[in-house]
Amino acid sequence: MNRTAHILIVEDDREIATLVSRFLRNNDYRVKTVANGREMDVALRDGRFDLVVLDLMLPGEDGLSLCRRLRADGAIPIIMLTAKAEEIDRILGLEMGADDYLVKPFNPRELLARIRAVLRRASAQGQPEIGESIFLSFAGWKLDKAVRRLFNPAGERVALTGAELDLLLAFCERPRRVLSRDQLLDLTQGRAAAPFERSIDVLVSRLRQKMESNPREPEMIQTIRSGGYMFSPEIEAG
């Protein structure tokens, strides 16, 4: 993980923005704070950032719309902040492409832990490891574990977020086994992250949209009623 990663905080609450930015700077991160989408666009145009901490409730263009735009423009990691307790808002954030979320009020140490985890995933996804690539092949698809990249049967790279790659890898390493949502949460995020159960459902839905020929009738990632999910293809390693 890069200890000098540059974090962009999009938060209109000055008290929260000041508290979080000071805490992150004390933990060796570079930080810039902005209060709305217009300022975010200017910051992204003028500088390079490794992660965006994005508030859901913002003046003007809201966080969900900004998250959708960020994900359409690239793969920059996004952690969404929300003061809303309703599960639907968290689900929408994940569906828009956020890598993680945190509900206000929160402890800055918890945000720091989330940032570190997301940056680790992004770093592993973007930097090839030394040595021979390790491929997992299934149904014409190939997952390169070394550089964390997925290729479809046509040989084209399919862009996945770090969270999506973690989930796919968990499936590929345990094919044809019924995995509960709790097991998948442990395998991909760990209990320390305290995620909500539906986050796995959202990630599965995102994978199906990118990998299944008919996401409504999935063949690879099957839903097991009262059980969880099962990855059905046969896996070939090497």
### Query
Q183 side chain to S180 main-chain N or O, any donor-acceptor pair under 3.5 Å?
yes
### Query
Transitively linked via ILVMFWY side-chain contacts under 4.5 Å: F138 with V158?
yes
### Message
Distance check, rounded to the nearest 0.5 Å: L136 atom CG versus L169 atom CG?
### Response
7.0 Å
### Message
Nearest 0.5 angstrom please: I115 CD1 to D99 CG, how far?
### Response
12.0 Å
#### Entry: Pairwise side-chain contact, I16 with K104, heavy-atom cut-off 4.5 Å (strictly under)
yes
### Query
Is Y229 close to R181 at the side-chain level, that is, under 4.5 Å between some pair of heavy atoms?
yes
### Query
In terms of hydrophobic clusters joined by side-chain contacts under 4.5 Å, are V53 and L19 together?
no
### Message
Closer than 3.5 angstrom, by distance alone: can the side chain of T33 be matched with the main-chain N or O of E11 as a donor-acceptor pair?
### Response
no
### Query
How many angstroms lie between CG in L119 and CD1 in I79, if you round to the nearest 0.5 Å?
7.5 Å
#### Entry: Co-membership, hydrophobic cluster, residues F151 and L165, 4.5 Å side-chain
no
### Message
For residues L143 and M230: do they belong to one hydrophobic cluster (side chain heavy atoms under 4.5 Å, members Ile, Leu, Val, Met, Phe, Trp, Tyr)?
### Response
no
### Query
Do E61 side-chain atoms and N36 backbone N/O form a donor-acceptor pair below 3.5 Å?
no
### Message
Counting C-beta onward and ignoring hydrogens, is there a side-chain heavy-atom pair between V204 and F171 closer than 4.5 Å?
### Response
yes
### Message
I'd like to know if the side chain of D50 and the backbone of H6 have a donor-acceptor N/O pair within less than 3.5 Å.
### Response
yes
### Task
Step by step, work out the side chain to side chain contact (heavy atoms under 4.5 Å, CB included) result for M211 and L168.
CA-CA 11 Å; M211 297 177 61; L168 179 58; 4.0 Å; yes
### Query
Counting only heavy atoms not in R22, do more than 12 sit closer than 6.0 Å to its CZ atom?
no
### Query
Going by heavy atoms in the side chains, are F23 and R109 under 4.5 Å from each other?
yes
#### Entry: Gap separating the CZ atom of R177 from the CG atom of L179, nearest 0.5 angstrom
6.0 Å
### Side-chain donor/acceptor of R45 to backbone N/O of D41, under 3.5 Å
no
### Query
Does any N or O in the side chain of R208 come within less than 3.5 Å of the main-chain N or O of I221, such that one atom is a donor and the other an acceptor?
yes
### Summary
d(L112 CG, N107 CG) to nearest 0.5 Å is 10.0 Å
### Message
Once rounded to the nearest 0.5 Å, what's the spacing between atom CD of E236 and atom SG of C172?
### Response
12.0 Å
#### Entry: Check: D46 and K32 side chains under 4.5 Å, non-hydrogen atoms
no
### Query
T161 and R206: side chain to side chain contact (heavy atoms under 4.5 Å, CB included), yes or no, with the steps?
CA-CA 10 Å; T161 67; R206 280 163 46 178; 3.0 Å; yes
#### Entry: Short side-chain to backbone donor-acceptor contact, S21 and T18, under 3.5 Å
yes
